[in-house]
Amino acid sequence: MRIILSPAKKMQVDTDSFPVESLPQFLLEAERLKRALQEMSPQALQKLWNCNDAISRENVERLREMDLRHGLTPAILSYKGIQYQYMAPGVFETGQLAYIQEHLRILSGFYGLLRPFDGVTPYRLEMQARLSVDGERDLYGFWGGRLARQLEAETDFVLNLASKEYSRAVLPHLGPSVRVVTCIFGELREGRILEKGTLCKMARGQMVRYLAERAVTRPEELPAFADLGYRFSPGHSTREQLVFLREGAGRNSL
């Protein structure tokens, strides 16, 4: 089993908590993206990043001094988003750390596919960014089927906990030999399942923690997840989609 997860925009440097075990598998591609970004003007970069002046200045400076091989942070500690806060990998025990290193893969617009203890440096590049590189119109074109082929070489079962923006870089390219299960964390509103961004991120991070604590590797073990008010809903689920609904949410609409 491989679990795919989105990254977070906010990143940090932590070279002390855990050691880096490896460099990213697609480091040459990251180097190519780095060069493409460094060739852009600060104004063009700010437009690409769609951010305010302060964030733009910070990332232009990062890009100017970017070193992809030294002073690196393990990927699992580098992202500061809410799903990583709820996963809380910094307090994982040895067995849980070994589990995520084996089973968790973080998707990245810049690095492609990251193992938890791959060394990374802070960057800003979302998968949906319209960065034209090597004749491709965007990053989906640049990465093409690379990430899917790597996952296919590792597993025949992918658990999708990534956002649509990131899972789109992988799922369309996976062959029929790979089973994909997507987890949906939502609420029932007027008979429809509504996913809320922050709550989804919280649940995805909590799900990774749950899986690591129990060393889950089989699809049939997934429905037992019950946390943050979510419970598995068999009536709304299929073989490809496992739906978890928040208890007490939307009761007036049922």
>> Quick one, E154 with R105, criterion side chain to side chain contact (heavy atoms under 4.5 Å, CB included). Give me CA distance, side-chain angles, the key distance, then yes/no.
In response: CA-CA 11 Å; E154 297 181 18; R105 297 294 179 264; 3.1 Å; yes

> Do any pairs count as a side chain to side chain donor-acceptor pair (under 3.5 Å) and have a residue in residues 82-96, sequence neighbours left out, and if so which ones?
Replying inline: none

>> Could you see if L242 belongs to whatever hydrophobic cluster contains L174? Use Ile, Leu, Val, Met, Phe, Trp, Tyr and a side-chain cutoff under 4.5 Å.
In response: yes

> Do side-chain atoms of H173 reach the backbone of G144 as a donor and acceptor pair under 3.5 angstrom?
Replying inline: yes

>> For a quick test of reading the model, state the closest non-hydrogen atom pair linking C183 to L159 and the distance between them.
In response: SG-CD1, 3.7 Å

>> I'd like to know if the side chain of T73 reaches the main chain of D14, judged simply by a donor and an acceptor atom lying under 3.5 Å from each other, with no hydrogens or angles considered.
In response: yes

Tell me which donor-acceptor pairs under 3.5 Å the side chains of residues 224-235 have, and how far apart each pair is, sequence neighbours excluded?
unit_1 : atom_1 : unit_2 : atom_2 : d
D227   : OD2    : Q206   : NE2    : 2.9
S233   : OG     : H236   : ND1    : 2.6

> Atom CG in L33, atom CG in L28: separation rounded to 0.5 Å?
Replying inline: 11.5 Å

> Are the side chain of S167 and the backbone of S163 linked by a donor-acceptor contact shorter than 3.5 Å?
Replying inline: yes

> Can you get from M1 to V180 by hopping between Ile, Leu, Val, Met, Phe, Trp and Tyr side chains that sit under 4.5 Å apart?
Replying inline: yes

>> If you compare all heavy atoms of V13 against all heavy atoms of P122, which two are closest, and at what distance to 0.1 Å?
In response: CG2-CG, 3.8 Å

> Would a 4.5 Å heavy-atom cut-off, applied to side chains only, mark S108 and Y79 as touching?
Replying inline: yes

> Taking all atoms of both residues into account, what is the closest heavy-atom pair of A36 and V133, and its distance?
Replying inline: CB-CG2, 3.9 Å

>> Please enumerate all residues that pass side chain to side chain contact (heavy atoms under 4.5 Å, CB included) together with V20, with sequence neighbours excluded.
In response: L72, P74

> What's the verdict on side chain to side chain contact (heavy atoms under 4.5 Å, CB included) for L199 and E187, showing C-alpha distance, side-chain angles and the deciding distance?
Replying inline: CA-CA 10 Å; L199 291 173; E187 302 175 1; 3.6 Å; yes

>> So M207 and R204, do their side chains get closer than 4.5 Å, heavy atoms only?
In response: no

>> Could you check whether any side-chain heavy atom of D156 comes within less than 4.5 Å of a side-chain heavy atom of S177, counting everything from C-beta outward?
In response: no

> Is there a donor-acceptor contact under 3.5 Å from the side chain of S78 to the main chain of A75?
Replying inline: yes

>> Please list all pairs meeting side chain to side chain donor-acceptor pair (under 3.5 Å) that have one or both residues in residues 124-144, counting only residues at least two apart or in different chains.
In response: R32-D134

>> Do the side chains of R35 and E39 get close enough for a salt bridge, i.e. N-O under 4.0 angstrom?
In response: no

> Hey, mind stepping through M127 and S6 against side chain to side chain contact (heavy atoms under 4.5 Å, CB included) and telling me if it holds?
Replying inline: CA-CA 10 Å; M127 187 66 79; S6 304; over 6 Å; no

> Looking at R146 and E29, does any basic side-chain N land under 4.0 Å from a carboxylate oxygen?
Replying inline: yes

>> Quick check: closest heavy atoms across E195 and F185, and the distance to 0.1 Å?
In response: CG-O, 3.5 Å

> Should M87 and V216 be regarded as members of a common hydrophobic cluster, given that ILVMFWY residues are connected when their side-chain heavy atoms come within less than 4.5 Å of each other, either directly or indirectly?
Replying inline: yes

> Do Y99 and F92 have ring centres separated by under 6.0 Å?
Replying inline: no

>> Are the side chains of L37 and Y123 in contact, using a 4.5 Å heavy-atom criterion?
In response: no

> Step by step, would you call I55 with W49 a side chain to side chain contact (heavy atoms under 4.5 Å, CB included)?
Replying inline: CA-CA 9 Å; I55 292 175; W49 292 329; over 6 Å; no

>> Testing the basics here: between Y111 and L27, what is the closest heavy-atom pair and its distance to 0.1 Å?
In response: CE2-CD1, 4.5 Å

> Could you state the interatomic distance from CD (E102) to OG1 (T155), rounded to the nearest 0.5 Å?
Replying inline: 9.0 Å

> Can you tell me if R209 uses its side chain to pair, donor with acceptor, with the backbone of A88 under 3.5 Å?
Replying inline: yes

> Should L48 and L125 count as side-chain neighbours, where that means a heavy-atom distance under 4.5 Å?
Replying inline: yes

> If every non-hydrogen atom of T121 is compared with every non-hydrogen atom of M11, which pair is closest and at what distance?
Replying inline: O-CE, 3.9 Å

> Under 4.5 Å between any side-chain heavy atoms of D118 and L23, yes or no?
Replying inline: no

> Do M202 and T198 touch side chain to side chain, with heavy atoms closer than 4.5 Å?
Replying inline: yes

>> Could you work out, with side chain to side chain contact (heavy atoms under 4.5 Å, CB included) as the rule, every residue matching Q101, not counting sequence neighbours?
In response: E21, R115, P116, F117

>> Rounded to the nearest 0.5 Å, what separates atom CD1 in I4 from atom CG in L161?
In response: 8.0 Å

Distance-only donor-acceptor hits, side chain of residues 64-71, under 3.5 Å, sequence neighbours excluded:
unit_1 : atom_1 : unit_2 : atom_2 : d
R64    : NH1    : E61    : OE1    : 2.4
D67    : OD1    : R69    : N      : 2.9
D67    : OD1    : H70    : N      : 3.3
D67    : OD1    : H70    : ND1    : 3.3
D67    : OD2    : H70    : ND1    : 3.1

> Is the backbone of L63 close enough, under 3.5 Å, to the side chain of Q38 for a donor and an acceptor to pair up by distance?
Replying inline: yes

>> Please determine whether residues L211 and V243 belong to a single hydrophobic cluster, defined as Ile, Leu, Val, Met, Phe, Trp and Tyr linked transitively by side-chain heavy-atom distances below 4.5 Å.
In response: no

> Side-chain heavy atoms under 4.5 angstrom apart, residues restricted to Ile, Leu, Val, Met, Phe, Trp, Tyr: same cluster for I184 and L107?
Replying inline: no

> Atom OH of Y166 and atom CG of L139: how far apart are they, to the nearest 0.5 Å?
Replying inline: 8.5 Å

